[in-house]
Number of protein chains: 2
Amino acid sequence: MTIEQAGTAEASVAPARAWRAVLEHVERGLLDGDLAPGDRLPGERALSTDLGVGRSSVREALRVLEAMGLVRTAAGSGPNAGAIIISTPGGAMSALMRLQVAARGFPVADIVRTRLTLEASVVGDLADASPPRDLGDADRLLDAMDDDALAPAEFLALDAQFHLALAEASGNQVITATMAGLRSGIEGYALDGLDRIADWPATRDRLRGEHRGVVAAIRQADAPLARTRIHDHISGYYAEISLDG
Amino acid sequence: MTIEQAGTAEASVAPARAWRAVLEHVERGLLDGDLAPGDRLPGERALSTDLGVGRSSVREALRVLEAMGLVRTAAGSGPNAGAIIISTPGGAMSALMRLQVAARGFPVADIVRTRLTLEASVVGDLADASPPRDLGDADRLLDAMDDDALAPAEFLALDAQFHLALAEASGNQVITATMAGLRSGIEGYALDGLDRIADWPATRDRLRGEHRGVVAAIRQADAPLARTRIHDHISGYYAEISLDG
DNA sequence: CGCTCCGCTGTGGTCTGACCACATCTGCTA
DNA sequence: TAGCAGATGTGGTCAGACCACAGCGGAGCG
């Protein structure tokens with residue numbers, strides 16, 4: 001048994017859970033510069049003995065870090081094995097939003113409203129950007145969406161990638177990750193809504209036109225127009241799949 | 001050993017980790033309505049046998065759910081013990097943003113920019129809201145901030161609560177949780193920046209005035225003015241603690 | 001009869017030790 | 001020299017054992 005029992009005081013509210021100590025140790029290493037993306041964490045057994053906690057507690061902390069998109073783990077040996085510091089907030093944000101929607105913590109309406117705000121900001125920034133940002137990824141996705149053979153769900157997936165591409169083009173990683181999360185949160189809702197669309201080909205053509213219109217407004221450096229168009233595009237779509245039917 | 005080895009195919013990329021099965025089981029329960037906020041999850045030992053995984057794997061999944069703000073665990077017996085479904089996205093969002101900033105995945109500049117966008121949206125909505133929202137919490141925080149005896153860090157804490165109170169007043173839970181996260185992500189940065197403020201009393205007085213000005217604009221239902229004021233307030237402060245000194 | 005107290009019970013929290021699969025490295029062998 | 005087989009060490013998982021804690025209920029006391 002470890003000898004960390006010194007000081008029964010300071011109990012306060014937190015029962016000083018062991019795995020939290022591991023989490024804080026890693027976070028401190030990050031803040032102090034001892035750990036940086038690409039670095040490998042010590043092995044689970046080493047962390048266990050270093051911090052005086054059981055290996056299972058170390059694993060619980062690593063699981064949290066993995067869920068937060070901070071580490072990637074791989075078994076085996078060699079440079080690619082072990083727990084490696086990464087930074088992929090998108091997946092973590094998506095999981096968080098998805099679960100919160102499932103637990104009724106995030107109303108779908110609030111997610112849509114937040115999307116309206118963030119996407120309007122994104123396209124506004126893109127339109128104002130000087131020099132203009134590269135919209136190649138967005139263009140390619142729009143071209144891919146012109147394929148009439150796409151199933152509705154496939155079209156929707158490309159649609160989501162298009163919106164995400166705009167966020168990426170804006171260069172704001174926080175907004176990009178958040179929008180990825182928002183999208184994941186309402187993905188199920190959007191897929192369910194497909195059933196409520198009476199005339200899919202018509203809706204699809206309208207969406208295509210709206211997408212092109214947004215990009216055109218960005219290229220014209222007309223920020224207000226771009227904001228208006230993206231706003232109408234998003235709110236219109238959700239109005240269709242929620243009210244219509 | 002459990003007999004879940006059926007079908008070695010479908011290996012693909014995910015090694016089908018045991019804890020992920022628990023996570024998906026809970027998520028499906030949420031989506032199917034079998035689980036709702038306030039419900040108690042089965043005990044860890046029961047989940048373990050039901051899903052055919054070890055108890056440690058169950059615990060790793062519960063740890064992720066806890067980090068995501070979905071469950072609250074308590075030892076002991078009785079109605080308050082066990083893993084209970086909750087929905088507190090704020091803490092999870094804060095942890096996520098804080099860790100991502102620590103891992104250099106979220107540049108501080110992007111967080112500030114996102115704050116500008118979201119807070120402008122919040123105050124704009126508040127100004128346009130009909131009937132007007134209750135700003136009592138924000139008022140009380142402003143009054144508390146009028147105390148000259150407050151230490152700078154204490155003032156900053158109240159400041160953060162004020163901004164959060166505005167988000168809460170707007171009623172958008174997604175924005176509220178996101179703003180709580182953004183704030184946590186740059187908290188360390190903001191605290192460090194205190195050292196770079198030459199004349200704290202002057203800065204403090206200016207912040208007080210700007211806060212009052214934002215609330216006044218909201219009460220006047222002047223959305224554009226509120227947006228401008230909150231924008232200048234935030235960008236001005238971060239300009240001061242980053243460039244100055 | 002009512003109240004208090006103490007042990008019983010079941011929960012999460014933690015630790016330990018043991019396997020397994022895997023990726024790499026080492027060194028022997030052909 | 002080329003190639004393969006074992007050694008090595010990693011994460012992934014499981015099983016079992018404690019502990020502290022919170023509630024419940026019966027025994028004992030007033």
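Numbered from 1 within each chain, the chains take letters A, B, ... in sequence-line order. Quantities reported herein were computed from a predicted structural model and do not represent experimental measurements.
Considering only side-chain N and O atoms, A/S57 lies nowhere under 4.0 angstrom from the phosphate OP1 or OP2 of C/dG13. Phosphate contact (OP1/OP2 of D/dT13, side-chain N/O of B/R17, threshold under 4.0 Å): absent. A close approach under 4.0 Å does occur between a side-chain nitrogen or oxygen of B/T73 and OP1 or OP2 of C/dG13.
Considering CG of A/D159 and CG of A/L142, their distance stands at 9.0 Å, rounded to 0.5 Å.
Between the CG atom of A/L62 and the C1' atom of D/dT10 there is a distance of 13 Å, rounded to whole Å. Atom CZ of B/R40 is separated from atom P of D/dA22 by 16 Å (rounded to the nearest Å). Protein atom CG of B/L23 is 17 Å distant from nucleotide atom C1' of D/dT13, rounded to whole Å. Between the CH2 atom of B/W19 and the C1' atom of D/dC14 there is a distance of 17 Å, rounded to whole Å. In this structure, B/R63 atom CZ and D/dT13 atom P are separated by 16 Å, rounded to whole Å. The CZ atom of A/R45 sits 12 Å away from the C1' atom of C/dT16 (whole-angstrom rounding). Atom pair B/R59:CZ and C/dT14:C1' shows a separation of 7 Å (rounding to whole Å applied). B/E66 places its CD atom 10 Å from the P atom of C/dT14, with the value rounded to the nearest Å.
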*asked:* Assess the residue pair A/R98 and B/E27 against the criterion (salt bridge (Lys or Arg N to Asp or Glu O under 4.0 Å)); give the C-alpha distance rounded to whole Å, side-chain angles, the decisive distance to 0.1 Å, and a yes or no.
replied: CA-CA 9 Å; A/R98 201 160 31 82; B/E27 184 175 359; 2.5 Å; yes

*asked:* I'd like to know whether A/R63 forms a side-chain contact (heavy atoms from CB on, under 4.5 Å) with A/E66, so could you lay out the CA-CA distance, the side-chain angles of the two residues, the decisive distance to 0.1 Å, and finally the verdict.
replied: CA-CA 5 Å; A/R63 206 74 324 121; A/E66 188 176 343; 3.0 Å; yes

*Go through the steps for A/L23 and A/L65 under the test side-chain contact (heavy atoms from CB on, under 4.5 Å), then give the verdict.*
CA-CA 8 Å; A/L23 214 54; A/L65 290 173; 3.6 Å; yes

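Below the 3.5 angstrom threshold, one finds a donor paired with an acceptor across the side chain of B/R55 and the base of C/dT14. Contact of B/R20 with D/dG12 (side chain to base): no donor-acceptor pair of N or O atoms is detected under 3.5 Å.
Between D/dG23, C/dG12, D/dG11, one nucleotide has an atom nearer to the side chain of B/E44 than all others, and that is C/dG12. Checking D/dG23, D/dC18, D/dC14 against the side-chain heavy atoms of B/N80 singles out D/dG23 as nearest. Side chain of A/A18, nearest nucleotide from D/dG9, C/dC15, D/dG11: C/dC15. For B/A75, whose side chain is taken as the heavy atoms from C-beta onward, the closest listed nucleotide among D/dG11, D/dG23, C/dG12 is C/dG12. Residue B/S77 places its side chain closer to D/dA22 than to any other of D/dA22, C/dT14, D/dT13.
Residue A/G78 is classed as a sugar-phosphate contact, given heavy-atom separations below 4.0 Å to backbone atoms only. Residue B/G76 is in base contact, counting any heavy-atom pair closer than 4.0 Å across all strands shown.
Both A/P79 and A/E60 lie close to DNA chain C; mapped to their nearest nucleotides by heavy-atom distance, the more 5′-ward contact belongs to A/E60.
In this structure, the side chains of B/V108 and B/Y238 stay at 4.5 Å or more apart for every pair of heavy atoms.
Aromatic ring pairs are classed by plane angle as parallel below 30°, tilted from 30° to 60° and perpendicular above 60°; the pair A/H211 and A/F155 is parallel.
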